[in-house]
Amino acid sequence: MKKFFLLICLAFAFSQTTNAQVSFGLKGGINYNSNSIENVSEDVFSGAKSKTGYHAGIWLRFKVPVIGLYIRPELIYTNIENSVTYNNTSSSYKFQKIDVPVLLGKKIFGVGNIFIGPSFQYVLDSDFGFDDISDIDTSGFVAGLTFGGGFELGKIGIDVRWERSFSGIESSFARTAATNVNFDTRVNQIIFGLSYRL
């Protein structure tokens with residue numbers, strides 16, 4: 001009897017898994033990092049201001065009818081820029097990262113949706129636009145939180161989200177042979193995205 005009951009439960013779970021709706025697509029958009037360079041170990045930067053960046057990537061969505069929610073993992077390439085002044089010269093500091101948000105969402109009225117979830121970020125590269133600053137050392141992995149909402153009309157989706165790192169991105173460069181300058185570019189973004197379901 002126990003084996004029969006177990007088989008019934010497994011069959012029900014399998015049927016629900018196979019009935020889960022899966023969709024995928026492309027996305028891209030613009031992002032604004034509302035924090036700029038902060039926590040600088042030496043007073044070498046001035047006028048740090050955030051600039052608009054961009055992102056592009058792919059997404060999957062797994063919808064399970066029983067609970068009425070969906071899980072949406074994404075793989076996103078993001079480029080972020082800050083405008084800074086160093087030695088009375090203005091230029092940009094930019095870095096590129098891979099974002100992997102894993103969002104738990106809920107459809108609203110068939111076209112709207114809200115979502116929240118962790119975001120795992122890996123910094124690929126960072127660079128200043130100054131000839132005398134090179135060899136920047138940037139910490140690779142940080143985690144954060146993402147939440148937002150949007151709507152879908154057919155295959156087109158539009159959303160806005162807020163992303164905040166749990167910890168800062170620790171970076172440094174050698175100002176002299178014996179002195180490193182440490183700074184933090186903490187990700188705190190407002191993101192506007194456009195997606196297309198394939």
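Bear in mind that the values here come from a model prediction, so they are computed numbers and not experimental data.
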Let me check something: any side-chain donor-acceptor pairs from residues 190-198 under 3.5 Å, sequence neighbours excluded? List them with distances.
| unit_1 | atom_1 | unit_2 | atom_2 | d |
| --- | --- | --- | --- | --- |
| R197 | NH2 | G154 | O | 3.1 |

_Nearest non-hydrogen partners of L145 and G117, listed with the distance_ = CD1-O, 3.5 Å
_Holding to side chain to side chain contact (heavy atoms under 4.5 Å, CB included), I want the full list of residues that pass it with Y54, two or more places apart in sequence or in another chain._
Y77, N79
_Can you tell me how far apart CZ (F62) and CZ (F24) are? Round to the nearest 0.5 Å._
11.0 Å
*Should Q21 and R61 count as side-chain neighbours, where that means a heavy-atom distance under 4.5 Å?*
no
*With a cutoff of under 4.5 Å between side-chain heavy atoms, which Ile, Leu, Val, Met, Phe, Trp and Tyr residues group with F109?*
I108, I114
*Check side chain to side chain contact (heavy atoms under 4.5 Å, CB included) between L153 and all other residues, then give those that pass, not counting sequence neighbours.*
F151
*Under 3.5 Å, is there a donor-acceptor pair between the side chain of W59 and the main chain of L26?*
yes
*Partners passing salt bridge (Lys or Arg N to Asp or Glu O under 4.0 Å) against E74 (at least two apart in sequence or in another chain)*: R72, R161
_Atom pair NZ/NZ of K63 and K106 - distance to nearest 0.5 Å_ = 8.0 Å
*For the hydrophobic clusters of this structure (ILVMFWY residues joined by side-chain heavy atoms under 4.5 Å, transitively), does one cluster hold both Y70 and V111?*
no
_In this structure, would I98 and V102 fall into the same cluster of hydrophobic residues linked by side-chain contacts under 4.5 Å?_
yes
_Can you confirm whether I80 sits close enough to Q189 that some side-chain heavy atom of one is under 4.5 Å from a side-chain heavy atom of the other?_
yes
*Mind checking whether V160 and I30 sit in one hydrophobic cluster, side chains of I, L, V, M, F, W, Y counted as touching below 4.5 Å?*
yes
*Joint cluster assignment, F120 & I76, ILVMFWY side-chain distance < 4.5 Å*: no
*Tell me, do T78 and Q121 make a side-chain contact under 4.5 Å, heavy atoms counted?*
no
*Residue list, salt bridge (Lys or Arg N to Asp or Glu O under 4.0 Å) with K107, at least two apart or on another chain*: E152
*asked:* Does any part of the side chain of L103, heavy atoms only, come nearer than 4.5 Å to the side chain of I71, both counted from C-beta?
replied: no
_Taking atom CD1 as the centre, does I116 end up with more than 12 heavy-atom neighbours from other residues, nucleotides or ligands that are less than 6.0 angstrom away?_
yes
